[in-house]
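Below is one structure; the comments refer to it alone.
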Amino acid sequence: MKLYGRSHDRQSLARHAGDLSAAGGVRAVVLDDGSERGIRTLEFRTGGGLSFDVLVDRAMDLGGAEFEGRGFGWRSATGFRHPGLHEYRDDDGLSMMRSFSGLLLTAGLDHTLFGAEVDASQYRYPPRGTAVHALHGRVANLPARLTGYGERWQDDGRCVLWAEGEVRQAAIFGEHLRLTRRIEADLGGSEIRLTDRVRNAGFDPTPHMYLYHVNVGWPFLDEGARYELPPHRTLWRSDSVAEQGVSHTAMPAPLPGFVEQVYEHELKPDAAGLARPRLVNERLGVYFELEFDTVRFPSFFQWLHLREGAYAVGFEPSTHHVQGEAAAREDGSMTFLAPGEEREYTTAFRVGHLD
């Protein structure tokens, strides 16, 4: 592995430093001020220029992220609000907007996209005949049970920085879904690997929808940056696209009063079934790339939020189309997990220098 311009192995590092943290590692801290107070956080430093935070009490989502001191994980005005302050039904179901920040916000586990009221008769509880959902579901504001973290040397000579935890979304006479999340990064590397397993731990068939809201902000996002997509077919556009006419590939500077533009694309995968959309900033000579499995995530949304003060672009692989849960139930595309059934999702986040 290369650290600070030189190759090092385990013995070489041990000769130079008595503690691996001189090169990189994972450190547990607790945020202690403002609306973030009390959030357990894991700070990852790879020594290859990549650093990022894992918000244990926010479903182990990814918060701030930097490459060689330059931020790419979006930082909004909300900060990383403690989940104890979250009111799921606040703001007519748009309460997520009061805690929306960071590189990754996970949507699910039983609902994504806009709010809906849907049949819940499978739980056989007469007083609760329907389930009412808010934007992007509950999981992003649920704390995880942290089951482990640290640094581990592999037989192939790599040192892997890792963390693992479990998020439980459960209700009496309702869903019982468990998300097991493992996050890895190599010492000396510039890639984050995410492996999620969602299991129906209950005894009733349970709806399952899943979406990653991956958000890149300034300075990776800046005037002149390019949003690059694999070969694709655009299936849907928000009305704001025609009204504003802002390019979805050539990024402008922050715009006053910009209304979010959203697209649903069908991305053509490579031979392994993977798609790799990315954001390129030639002025800085850097890129951000998301790699995901198009079988697990057949839908992809491109989110442009180029307004002053909230400047971001989003990469959103999704299990379901933009019309949402009610439409999926109607057309038969809704996913129901049988008792004990599990789905696995593997995704990679990469940053680096342009060739």
Using modelled atom types and a 3.5 Å cut-off, is there a donor and acceptor pairing between side-chain atoms of [X] and backbone atoms of [Y]?
X: Thr206; Y: Asp204; answer: yes
X: Arg237; Y: Tyr263; answer: no
X: Asp91; Y: Gly93; answer: no
X: Thr294; Y: Phe297; answer: no
X: Gln244; Y: Val259; answer: yes
X: Arg124; Y: Gln122; answer: yes
X: Arg296; Y: Glu344; answer: yes
X: Ser299; Y: Thr319; answer: no
X: Arg58; Y: Ala140; answer: yes

I need the single residue from Leu103, Ile183, Leu50 that forms a side chain to side chain contact (heavy atoms under 4.5 Å, CB included) with Phe349. Which is it?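 Of all the options given, the one that passes is Leu103.
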Same hydrophobic cluster for [X] and [Y], using side-chain heavy-atom links shorter than 4.5 Å among ILVMFWY?
X: Leu31; Y: Leu42; answer: no
X: Leu55; Y: Val167; answer: no
X: Leu94; Y: Leu105; answer: yes
X: Leu279; Y: Leu284; answer: yes
X: Phe80; Y: Val54; answer: no

Can Gln169 and Asp110 be said to form a side chain to side chain donor-acceptor pair (under 3.5 Å), step by step? CA-CA 9 Å; Gln169 180 181 324; Asp110 59 343; 3.0 Å; yes
Tell me, please, whether Tyr287 has Arg278 positioned over its six-membered ring: NZ or CZ under 6.0 Å from the ring centre and within 45 degrees of its axis?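 Positive - Arg278 is close enough to the ring of Tyr287 and near enough to its axis.
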Kindly compute the distance separating [atom1] ([X]) from [atom2] ([Y]), expressed to the nearest 0.5 Å.
X: Asn215; Y: Phe72; atom1: CG; atom2: CZ; value: 12.0 Å
X: Arg75; Y: Trp218; atom1: CZ; atom2: CH2; value: 12.5 Å
X: Thr112; Y: Met209; atom1: OG1; atom2: CE; value: 3.5 Å
X: His136; Y: Leu113; atom1: NE2; atom2: CG; value: 6.0 Å
X: Leu62; Y: Thr106; atom1: CG; atom2: OG1; value: 7.5 Å
X: Asn200; Y: Glu341; atom1: CG; atom2: CD; value: 8.0 Å

Applying side chain to side chain donor-acceptor pair (under 3.5 Å) between Arg181 and each of Thr147, Thr195, Asp61, report the one that passes.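 Looking at Thr147, Thr195, Asp61, the match for Arg181 under the side chain to side chain donor-acceptor pair (under 3.5 Å) is Asp61.
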Determine the interplanar angle of the [X] and [Y] rings, folded into 0 to 90°, and report it as parallel if under 30°, tilted if 30 to 60°, perpendicular if over 60°.
X: Phe315; Y: Tyr227; value: parallel
X: Tyr210; Y: His208; value: tilted
X: Phe292; Y: Phe300; value: parallel
X: Tyr125; Y: Phe173; value: parallel

Taking the six-membered ring for Trp, are Trp236 and His321 closer than 6.0 Å centroid to centroid?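 No - the distance between ring centres of Trp236 and His321 does not fall below the 6.0 Å cut-off.
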Indicate, with yes or no, if the rings of Tyr311 and Trp74 have centres closer together than 6.0 Å.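 Not under 6.0 Å, so no.
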Could you walk me through whether Gln302 and His265 satisfy the side chain to side chain donor-acceptor pair (under 3.5 Å) test, starting with their C-alpha distance in whole Å, then the side-chain angles of each, then the deciding distance to 0.1 Å, before giving a yes or no? CA-CA 7 Å; Gln302 180 186 16; His265 303 300; 2.9 Å; yes
Which residues satisfy the ring-ring contact (aromatic ring centres under 6.0 Å, His included) test with His111, sequence neighbours excluded?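 If we apply the ring-ring contact (aromatic ring centres under 6.0 Å, His included) test to His111, skipping adjacent residues, the hits are His133.
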Apply salt bridge (charged side-chain N to carboxylate O under 4.0 Å, His left out) to Glu325 and Arg329, showing your working. CA-CA 6 Å; Glu325 182 171 357; Arg329 285 172 176 252; 3.0 Å; yes
Modelled atom types, side-chain donor and acceptor of Gln261 and Ser238, under 3.5 Å: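 Short answer, no.
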Got [X] and [Y] here, is their nearest side-chain heavy-atom distance under 4.5 Å?
X: Arg27; Y: Phe44; value: no
X: Arg178; Y: His176; value: yes
X: His213; Y: Leu104; value: no
X: Thr46; Y: Ser190; value: no
X: Arg40; Y: Leu146; value: yes
X: Leu13; Y: Trp153; value: yes
X: Leu179; Y: Arg197; value: no
X: Leu306; Y: Val313; value: yes

For the residue pair [X] and [Y], what are the closest heavy atoms and their distance?
X: Pro219; Y: Arg70; answer: CG-CB, 4.1 Å
X: Val132; Y: Tyr88; answer: O-CE2, 4.1 Å
X: Tyr123; Y: Pro207; answer: OH-CD, 3.5 Å
X: Leu229; Y: Pro277; answer: CD2-CB, 4.1 Å

Begin with the C-alpha distance, continue with both residues' side-chain angles, and end with the deciding distance and a verdict on side-chain contact (heavy atoms from CB on, under 4.5 Å) for Arg307 and Glu260. CA-CA 8 Å; Arg307 184 181 298 193; Glu260 65 174 2; over 6 Å; no
Identify whether the distance between the nearest side-chain nitrogen and carboxylate oxygen of [X] and [Y] falls below 4.0 Å.
X: Asp186; Y: Arg193; result: yes
X: Arg89; Y: Glu87; result: no
X: Asp196; Y: Arg343; result: no

For a salt bridge (charged side-chain N to carboxylate O under 4.0 Å, His left out) check, start with the C-alpha distance between Arg226 and Glu282, then their side-chain angles and the critical distance, and finish with the verdict. CA-CA 8 Å; Arg226 297 194 316 275; Glu282 290 187 346; 2.7 Å; yes
Is there a side-chain contact (heavy atoms from CB on, under 4.5 Å) between Val29 and Asp53 once you walk through the steps? CA-CA 10 Å; Val29 302; Asp53 294 340; over 6 Å; no
Arg45/Glu43 under salt bridge (charged side-chain N to carboxylate O under 4.0 Å, His left out): CA gap, chis, key distance, verdict: CA-CA 7 Å; Arg45 294 181 301 113; Glu43 297 179 337; over 6 Å; no
Go through Leu354 and Val280 one step at a time and tell me if the side-chain contact (heavy atoms from CB on, under 4.5 Å) criterion holds. CA-CA 8 Å; Leu354 298 174; Val280 173; 3.7 Å; yes
